[in-house]
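Each chain gets a letter, A, B and so on, in the order the sequences are listed, and its residues count up from 1. Heavy atoms only: backbone and side chains are in, while hydrogens, waters and symmetry mates are out.
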4 protein chains.
Amino acid sequence: MVTLQDYPAQVRAEVQQVREQVATLHQQLITWNLVVWTAGNVSQRLRTADLMVIKPSGVRYEFLTPQSMVVTDLEGNVIDGAESPSSDTASHAYIYRHMPEVYGVVHTHSTYATAWAATGKNIPCGLTMMGDEFGGPVPVGPFRLIGSEEIGKGVVETLEQYPHSPAVLMQNHGPFTIGKDAESAVKAAAMTEEVAHTMWVAAQLGDIIEIDPADIAKLNERYQNVYGQH
Amino acid sequence: MVTLQDYPAQVRAEVQQVREQVATLHQQLITWNLVVWTAGNVSQRLRTADLMVIKPSGVRYEFLTPQSMVVTDLEGNVIDGAESPSSDTASHAYIYRHMPEVYGVVHTHSTYATAWAATGKNIPCGLTMMGDEFGGPVPVGPFRLIGSEEIGKGVVETLEQYPHSPAVLMQNHGPFTIGKDAESAVKAAAMTEEVAHTMWVAAQLGDIIEIDPADIAKLNERYQNVYGQH
Amino acid sequence: MVTLQDYPAQVRAEVQQVREQVATLHQQLITWNLVVWTAGNVSQRLRTADLMVIKPSGVRYEFLTPQSMVVTDLEGNVIDGAESPSSDTASHAYIYRHMPEVYGVVHTHSTYATAWAATGKNIPCGLTMMGDEFGGPVPVGPFRLIGSEEIGKGVVETLEQYPHSPAVLMQNHGPFTIGKDAESAVKAAAMTEEVAHTMWVAAQLGDIIEIDPADIAKLNERYQNVYGQH
Amino acid sequence: MVTLQDYPAQVRAEVQQVREQVATLHQQLITWNLVVWTAGNVSQRLRTADLMVIKPSGVRYEFLTPQSMVVTDLEGNVIDGAESPSSDTASHAYIYRHMPEVYGVVHTHSTYATAWAATGKNIPCGLTMMGDEFGGPVPVGPFRLIGSEEIGKGVVETLEQYPHSPAVLMQNHGPFTIGKDAESAVKAAAMTEEVAHTMWVAAQLGDIIEIDPADIAKLNERYQNVYGQH
């Protein structure tokens, strides 16, 4: 069996760095109120090898440490770590294998995003920050059982139809988000919950004004290319 | 009168350990926003004697210490502790006497779960995490007055009809949850509030998609037997 | 002009003690999410003289200290303190003059309680914890402008009709609560917001089951006389 | 190119002081739950020169320091700072140029205020604290794209029609607030979210009682001239 000791020093160094990043980012799920108890998970793909680092299964957030994070290959086989990996590992791995530009994946059951997912309705695009971050509505993906790569397949299939969105609301389940690294995917998870909450509040008032698709395109173009530090 | 000093050293050691666990778990009720002021209580049954450890009545959370936790027998008689035990003590004791596999009981008035309880409606099963944790809808139990074991009877009777659920929403009152220890019952209390909140949000959007009972059974089977560290 | 130095040592000692209690209790308004920015105020009447201690006007919570609390007589005249007292001082004073058993008064604009107040609707009694704490519905009081004792009059008149309730929701304004000391009034403020939130959630589900008045009376009797440490 | 070193010592001293104030006030946006991830920004105009201090673009709140705050002139040109300024800089600058009494501007995407903005509906005045702080309804402004001064123009045009309001809800976008300094504008942002939340809750109950305009005028007059420490 292959172990982490069979990998070059450069890979082992990146593993250590990514374990620290991924452990820290799990605390952001708590900070932004995206998870309860042991729900939710963050992973990041490595740059130096076809490996990923992911949360152990069923461990409470206050007990997560960098060393408790599990290293697997992109088929989900454990390479290093004393704990069993998240039960969503096969789906994270599927996404990395089929979306080569993705290096971070996050899954939560955040309340408002999951509620939209329980009704099978896309979140309509009525906020400039949705134009910025999602380039349109936040899409719902298919119903899939947990424990195999079926959820990953559903995420990838849905994103093919919504190429600007970093998020899919898996029906009756909850959001999966992607990014160029784990931090971007965590940001997308936080933004998904915020727009799910805000648009739900607006929906209760009624008469949501949806944004013109041409304006959504301009917002998305500017945000993806101009916003932030360059 | 029997006192804790009449019990063997092994029991006294377990009492001390359980007092610490139960005191710590009360802080989790605050962390997950399940209680206000002095509401709510956690108990755990001992393995080494027919005793339980429970919160004192009407004490604010910041003043709870392991030593303030009250030890009673399974009829609710105080064996050790300077404070009066929770006014739900007789109901906790009833549950332990009638459900021998249960070693933890939690009661809260958490907002969304209690709101469902005020309408007498079961929470419909529209989330995979409900399939996982509850194996179906979260049931409402009967209306019962506080202060006797009548609430405990209502909990046991309801769970006989919903054998996969660790939670009952007592009508007009709030949730009671059970587990193999106090931590499991606190987890069930946190999950009860989360699914109560999420399904309430979904109910306001309308058109909840309920999950097929065959899929619920698969989710519950996997979660109870595969999820987490083994 | 009378100053604190004109009072006996016993009174000056109680003033110091009550300033510390009232300053600490203001932090509980933050802990339980009952106030924003500088809104809300807590006062306590003294046992040793016809004086009260109340929050200064328009000071942010992180800057409140025991010494910043203002001492007034029961007409609202300042006896000690460098700051102007709360603009609700005359109303607190009115309540103390007309309800001799009251030694604590709290006012907040807590979100859900204030929303009920904006519709002029009593909160219906659908929770055992409402039977416990309020002995029935939480009543709405009349609309009154701020800055005189008119609000205090409205509180007293409303409580004459709801003798078991420690809370009045002043129309379009927010809750006022009373107690045997400031801590009891803060507890009532926290409970008012919690039941306002829970019953609002239940109202959105529809079909609230109200509790039978005979059961409400039993709950209230038990809670006021048996609950807690005695 | 003009740099901060070209300004007199008095100006450089005020820049340092305002950088500290503005950095600290960004933490208040977190405290009052007004922003997610990197959204939102605070600025303050200087008294000693036609300059302003504003948040850098796309930086997470836990990494903001006084020194990371960007100094620009009132056309939005960077005078000092290693980071790019907020993408709302041109709009802040427009407001300062056209409203000479304004020395603080805040923008958030706070949930409930933004939801009203997504429906294009003013928040109706059903709370005495709205009379106090806003002198009537909180108005919605026009839809404008991000990245130019067009948002600033929309804010100024809307406030000309609502001279007592320190807040505008920009349609589909979120609230902008103004004040005599950045702290006042942050207070207005916190109050905007609170009244947006409370009035939304009331709207779900139905039958909001709006306050008589003559009473609103009295509340606003008293609050602006009597409330707080003078």
Spacing of CD belonging to B:Glu194 relative to OG1 belonging to A:Thr111, to within rounding of 0.5 Å = 3.5 Å

Heavy-atom pairs under 4.5 Å with chain A are the metric here; pick the option from B:Ile208, B:Thr31, B:Ile211 that has the most.
-> B:Ile211

Heavy-atom check, side chain of A:Ile146 versus side chain of B:Thr128, under 4.5 Å = yes

Check each atom of B:Lys187 against the heavy atoms of chain A and say whether the ones under 4.5 Å are side chain, backbone, both or neither.
-> both

Does B:Asp212 reach the side chain of A:Phe143, with side-chain heavy atoms less than 4.5 Å apart?
-> no

At their closest point, which heavy atom of B:Gly206 faces which heavy atom of A:Lys121, and how far apart are they?
-> O-NZ, 3.5 Å

How many angstroms lie between CD in A:Glu62 and CD in B:Gln28, if you round to the nearest 0.5 Å?
-> 5.0 Å

OH (A:Tyr112) and CG (B:Leu205) are apart, to the nearest 0.5 Å, by 10.5 Å

Applying a strict 4.5 Å limit to non-hydrogen atoms, the region of B:Glu133 in contact with chain A is neither

Side-chain contact test, heavy atoms from C-beta onward, threshold under 4.5 Å: evaluate it for A:Trp37 versus B:Met129 and give yes or no.
-> no

CD (A:Gln16) with more than 12 external heavy atoms under 6.0 Å | yes

Please report the shortest heavy-atom distance between B:Met199 and A:Ala118, naming the atom on each side.
-> SD-CB, 4.5 Å

Heavy-atom side-chain contact between B:Met191 and A:His109 under 4.5 Å = no

Select one option (side chain, backbone, both, neither) describing which atoms of A:Thr38 are under 4.5 Å from chain B's heavy atoms.
-> both

Honestly, the part of A:Val35 sitting under 4.5 Å from a heavy atom of chain B is backbone

Side chain to side chain, B:Leu127 and A:Asn172, heavy atoms closer than 4.5 Å | no

